[in-house]
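Notes follow the structure.
Keep in mind it's a predicted model, so treat the numbers as computed, not measured.
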Amino acid sequence: MILRNGLIAGAVILLAACGSDEQETAATAPETATPETEEVEVTTWGFGLEEIEGSVQYEYGEKFAELINEKSDGEIEVKLYPYGQLGGLTDIYDQVQEGAIQLAFGSGFLGGTVPESQLFSLNFVLTDDEKLNTEILNDPAFRKHEDLVAAFGERNLQPLAIVPEGWQVWSANKAVRTPEDFDGMAIRVMDNRLLRETYSAYGAEPTTMEYGELFSGMQLGQLDGNIQPVFAHQEMDFYQVQDYLIFANQAQFIATFMGNKEWYDGLSDEHKDMIEETVVELVPYVHDVQTRLNTERLDIITENSDIELVYLTPEERDAFRELSIPVRDTFAEMVGERGERLMNALIEQVEAAQSGDETPSEETDAEDGMQESDESAMDEADAA
């Protein structure tokens, strides 16, 4: 009996203890346990690049993805597809037009899809100041120009930003200082009539070849020369099969950051504003990126090869500039009135920016005068 009563008492104590633990757990659970929260639905935007990892486009894409993810509180992820993952360049354009990916870069080859974009291939149109060029091209007066938006819109594309990636540098197996030096040279150009017209005017024999085939094309002697920004010459090892890099500062390599138009039109105003805020934020960023990358890559090239660097003098550049001017008429004839208006709008903005270079010093002089004599300076300003 004593044993039985002891067992019963022990069971009661054990049950009481269990009950006490359960009650305490229940009481403290809201404070110590993580409440179940509704999972955030993540939307993915695919972004096709024309270049490999480590390039200007890749760094731009990475920063864009980071900022969009941050601004959307993690609701949007941007997935980058470096060159080769989606096929060739025209494959990238096809996929963004069809909506298989939402975003992409398009440069010289894009001229076959959006003829008006060949405007960025015109030589000797922009200033010699790369930062100023980046600002001009991304000024809403040009970036959102109705003719530019319409040209892309007709191909189910929406231009979002314009990204200069550095000066286009010629490579060759001989020094090129005059148009005569281009005589008979097979130089690779993107599939872009304007580029073909330009280099034909210089006396070369422009040849189109897919980006991924360039190295072997030069190595096998199918090509005598190439046109790329410095970072591309280095990252694709083009400099290994050429003897000279020629800097004429005739044009920058310019890519258009674009989206599928139907997708873009379907975005909320909040998401459109997010994209706009981000691309504006990236204007100074991408200038710094391309400057750094091109400087670093030129150092790598010179440290790892015997390639010779040729920098054209102003007089030597003028000889090429003169031959490039008639190509503007070719552009107008190719793309019609809309393209011509767009070209003239860009030229006007460039001229205005160049004439405005002296304005800051004039304003500074006026401010100094006002510090000495407010009334006198104000009278002088009124007179001016």
Please check: side-chain N/O of [X] versus main-chain N/O of [Y], any donor-acceptor pairing under 3.5 Å?
X	Y	answer
N138	I162	yes
E340	V335	no
D243	I307	no
E316	T313	yes
R143	A161	no
N294	E165	yes
T302	D299	yes
T127	D129	yes
R317	N249	yes

Would you tell me whether S55 and Q57 have side-chain atoms, one donor and one acceptor, within less than 3.5 Å of each other?
no
Just checking, any donor-acceptor pair under 3.5 angstrom between side chains of N192 and S121?
yes
Can you sort out the partners of [X] under side-chain contact (heavy atoms from CB on, under 4.5 Å), two or more places apart, ordered by chain and number?
X	answer
V176	W170, A172, D181, F182, M185, I246, F320
A319	P179
R341	D147, E337, R338

Residue pairs passing the side chain to side chain donor-acceptor pair (under 3.5 Å) test where at least one lies in residues 85-106, sequence neighbours excluded:
E50-Y93
So the side chain to side chain donor-acceptor pair (under 3.5 Å) pairs with at least one residue in residues 67-76 (sequence neighbours excluded) are K71-E277, K71-E281
Does this structure show an ion pair linking [X] with [Y], if we count only N-O contacts that are shorter than 4.0 Å?
X	Y	answer
R193	E197	yes
E315	R321	no
D265	K261	yes
E308	K174	no

Between F105 and F47 (judged by ring centroids, cut-off 6.0 Å), do the two rings come close enough to count as a pair?
yes
Using the side-chain contact (heavy atoms from CB on, under 4.5 Å) rule, pick out the option among I76, L80, N260 that qualifies with W45.
I76
Go through the steps to decide whether L282 and V163 satisfy the test side chain to side chain contact (heavy atoms under 4.5 Å, CB included), and finish with yes or no.
CA-CA 9 Å; L282 288 176; V163 180; over 6 Å; no
Side-chain donor-acceptor contacts of residues 231-241 below 3.5 Å, not counting sequence neighbours, with atom names and distances?
residue	atom	partner	partner atom	Å
H233	NE2	V169	O	2.9
H233	NE2	Q228	O	3.2
Q234	OE1	R297	NH1	3.2
E235	OE1	R297	NH1	3.3

Here the pair of heavy atoms bringing A151 nearest to V114 is O-CG1, 3.9 Å
Shared ILVMFWY cluster between Y244 and Y199, side chains joined below 4.5 angstrom?
yes
